[in-house]
Structures are given as structure tokens and as C-alpha cells.
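In what follows, a single structure is set out as C-alpha cells and then discussed.
Labels below follow one simple rule: chain letters A, B, ... track the order of the sequence lines, proteins then strands, and each chain is numbered from 1. These figures come from a predicted structure and were not determined experimentally.
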Number of protein chains: 2
Amino acid sequence: MKAWKIVVATGLAGLLWGCATCPLCPMKEKEPKRYAWVTGLKPEKAAYYKDLHAHPWASVNKQLKACHIQNYSIYVREIEGKLYLFSYLEYTGDDFDGDMKKMAADPETQRWWKETDPCQAPLPDAAAKGKIWSDTEEVYHLN
Amino acid sequence: MKAWKIVVATGLAGLLWGCATCPLCPMKEKEPKRYAWVTGLKPEKAAYYKDLHAHPWASVNKQLKACHIQNYSIYVREIEGKLYLFSYLEYTGDDFDGDMKKMAADPETQRWWKETDPCQAPLPDAAAKGKIWSDTEEVYHLN
């Protein structure tokens with residue numbers, strides 16, 4: 001084999017290997033599953049809820065990451081005199097229910113929820129199931 | 001220079017070049033700016049609004065992309081007997097207001113809004129400004 005062929009082949013191999021091994025490449029990640037939820041926020045607890053979330057506990061964020069949650073945001077908005085929270089998150093794992101059970105079993109997350117749960121005013125459908133957040137329906141998505 | 005050095009150097013250059021030129025690498029992208037908005041949805045127009053968004057026009061999606069919008073989702077949810085829309089999107093450009101003006105000047109987008117605007121019931125603060133969507137306040141984010 002001529003020297004230039006070895007150089008080209010090695011360069012090409014390096015290029016392909018660089019692409020295939022790059023840990024940041026989204027090609028290797030599957031499309032995340034999106035979740036968006038809504039719940040009420042008690043006005044008298046709004047300041048405390050915001051303060052908690054402005055300084056989230058590292059242990060809880062770490063547990064969320066361990067449970068394959070990414071790009072998780074919570075928004076607050078007043079509608080007709082009441083406060084509501086909207087959350088958006090992306091799930092990259094294979095077992096959402098299992099990961100949610102892991103979250104619920106984590107002592108630090110339980111400690112966090114002991115602070116946040118009393119701030120929230122679940123909508124009737126969530127309250128009926130003993131849950132905090134209500135599901136929404138995705139009607140549009142653009143990647 | 002010895003042949004093996006040329007091979008190693010060429011391979012390394014190929015690897016770095018592969019990484020640096022990969023169009024999918026998020027390293028090259030800056031952190032997008034997130035926007036989340038809310039508006040009302042007229043119940044008698046809900047089915048039409050959903051149908052429009054289940055089959056969005058390619059021209060409008062293309063214009064959104066050209067205006068640096070990505071990961072754009074819209075959700076619907078009933079709260080206390082009324083329907084609301086929540087949108088979440090990420091902006092990757094450098095001039096949000098300018099890009100929004102570009103959207104507003106696009107004839108296809110204008111045609112699309114002619115269909116969607118009458119479906120929506122803006123909240124008072126948006127209505128007062130002649131707008132459709134109301135801002136929300138981000139209280140938490142996890143990457």
C-alpha cells in the first residue's frame with residue numbers, strides 16, 4: 001500500500017472514530033419522551049416555593065439525573081386570580097414508571113417533597129389519585 | 001519524520017477534525033433561551049386547533065426553524081372548566097425580537113395565524129397588548 005493511502009485511510013479512520021466516540025453526539029441518544037404537567041400553587045406559599053426552586057438541592061437534582069430526567073423546567077403563571085405551575089421535562093430512560101418509583105423511594109427526594117407538596121394545590125383529577133401534577137395533552141411538536 | 005509519526009499525526013488530526021466539524025455536536029451550540037407561554041383555547045374551536053397542529057404546515061415549520069426556534073411543543077389542559085394552551089420553545093438565535101418580526105412578516109405564517117388566532121382566547125394582559133400568548137415566569141431549570 002502506498003504511503004499516501006495509509007495517511008488517507010488513517011485520517012479517515014480517525015475522523016470516523018472521533019465521530020463515533022464523541023460522548024456529546026446526539027446521534028447516539030434516542031429521542032427523549034416529553035412530559036408536561038400542571039398543578040396549582042397556593043398564593044401564601046408562592047414565595048417559599050420559588051425560593052426553594054431558586055436554590056434546588058443538589059441531592060434532588062442528582063436523583064433526577066439518575067432517573068433519566070433532563071431539560072426540566074417549571075413555570076408559574078396567574079390565571080383568573082389563581083396561580084398555576086407548569087412543568088416540562090424530557091425522559092431519556094426506558095422505564096418511566098420504574099424511575100418514578102426510584103424517585104419516590106429516595107430519602108432526599110422525600111425530604112424535598114415534604115417542603116414542596118404543601119405549597120401545591122392539585123387540580124381535582126390529580127387530587128382524586130393522591131397525586132400533585134395533572135397530565136396535559138401534547139397537540140404540537142417541532143424538533 | 002518517521003512514517004508511524006505521520007500515521008499517528010494524521011489519525012489524530014482526522015479525529016479532531018471529525019469532532020470539530022460534526023454538525024450534530026452540541027458543543028458548538030450555545031445554551032438555548034427558553035420561552036414558555038400560556039393562552040386560552042375556545043372550546044368550540046378546540047377540535048379545529050388540534051387538527052391544525054396535528055398536521056402543521058411545512059412552510060410554517062420551516063419559517064420557525066429559519067427563525068432559530070427548536071424543541072417547540074404546545075400542550076392543552078382544562079382548568080376549572082376552561083381550556084388553556086401552554087407552549088414551550090427554545091430559541092438559539094441572537095435577536096429574538098428581530099426573528100419574531102421575521103415570523104410576523106412571513107405570508108405563510110400570517111395565513112397560519114389567520115386560522116389559529118380565532119381559536120385562541122388571550123388572557124387579559126396579552127389581550128391588552130393585542131397579543132395572543134402571555135408570558136410565564138421560570139422558577140426552576142435542570143439541564
Q) Any side-chain heavy atom of A:R77 within less than 4.5 Å of one from B:L123? A) yes
Q. Taking a hydrophobic cluster as the set of Ile, Leu, Val, Met, Phe, Trp and Tyr residues connected by side-chain heavy atoms closer than 4.5 Å, whether directly or through intermediates, do A:M100 and B:L142 fall within one such cluster?
A. yes
Table please: side-chain donor-acceptor pairs of residues 46-60 of chain B below 3.5 Å, with sequence neighbours left out.
from  : atom 1 : to     : atom 2 : distance (Å)
B:Y48 : OH     : B:E115 : OE1    : 2.4
B:Y49 : OH     : B:H53  : NE2    : 3.4
B:Y49 : OH     : B:Q120 : NE2    : 3.4
B:K50 : NZ     : A:E137 : OE1    : 2.9
B:K50 : NZ     : A:E137 : OE2    : 3.4
B:H53 : ND1    : B:Y49  : O      : 2.9
B:H55 : ND1    : B:D51  : O      : 3.1
B:S59 : OG     : B:E108 : OE1    : 2.6

Q: Just jot down the salt bridge (Lys or Arg N to Asp or Glu O under 4.0 Å) partners of A:D94, sequence neighbours excluded, or say none.
A: A:K30
Q: Give the member of B:N61, B:L89, B:L64 that has the highest number of heavy-atom pairs under 4.5 Å with chain A.
A: B:N61
Q: Measure the spacing between OH of A:Y35 and OG of B:S73 and express it to the nearest 0.5 Å.
A: 13.5 Å
(Q) How long is the straight-line distance from OG of A:S87 back to OH of B:Y88, given to the nearest 0.5 Å? (A) 12.0 Å
Q. Is A:K82 atom NZ crowded by more than 12 heavy atoms from other residues, nucleotides or ligands, each under 6.0 Å away?
A. no
Q) Would you call B:I79 and A:E80 a side-chain contact if the rule is heavy atoms closer than 4.5 Å? A) no
Q: State whether the number of non-hydrogen atoms from other residues, nucleotides or ligands found under 6.0 Å of B:K42 atom NZ is greater than 12.
A: yes
(Q) Quick check: is A:Y84 connected to B:V139 through a chain of hydrophobic side chains (ILVMFWY, heavy atoms under 4.5 Å apart)? (A) no
Q.
Quick one, A:E90 and B:N71 - any side-chain contact, counting heavy atoms below 4.5 Å?
A. yes
Q.
Rounded at 0.5 Å granularity, tell me how far OH in B:Y140 sits from CD1 in A:I74.
A. 6.5 Å
Q. Taking A:I69, A:L85, A:D125 one by one, which has the highest count of heavy-atom pairs under 4.5 Å against chain B?
A. A:D125
Q. Do B:I132 and B:V38 belong together in a cluster built from hydrophobic side chains that touch within less than 4.5 Å?
A. no
Q. Is there side-chain contact between A:Y75 and B:D135, with heavy atoms separated by less than 4.5 Å?
A. no
Q | Inter-residue atom distance A:W37.CH2 - B:F86.CZ, 0.5 Å rounding | A | 15.0 Å
Q. Measuring heavy-atom distances to chain A, does B:V76 have an atom under 4.5 Å in its side chain, in its backbone, in both, or in neither?
A. both
Q: Kindly check if the number of other-residue, nucleotide or ligand heavy atoms within 6.0 Å of NZ (B:K65) is above 12?
A: yes
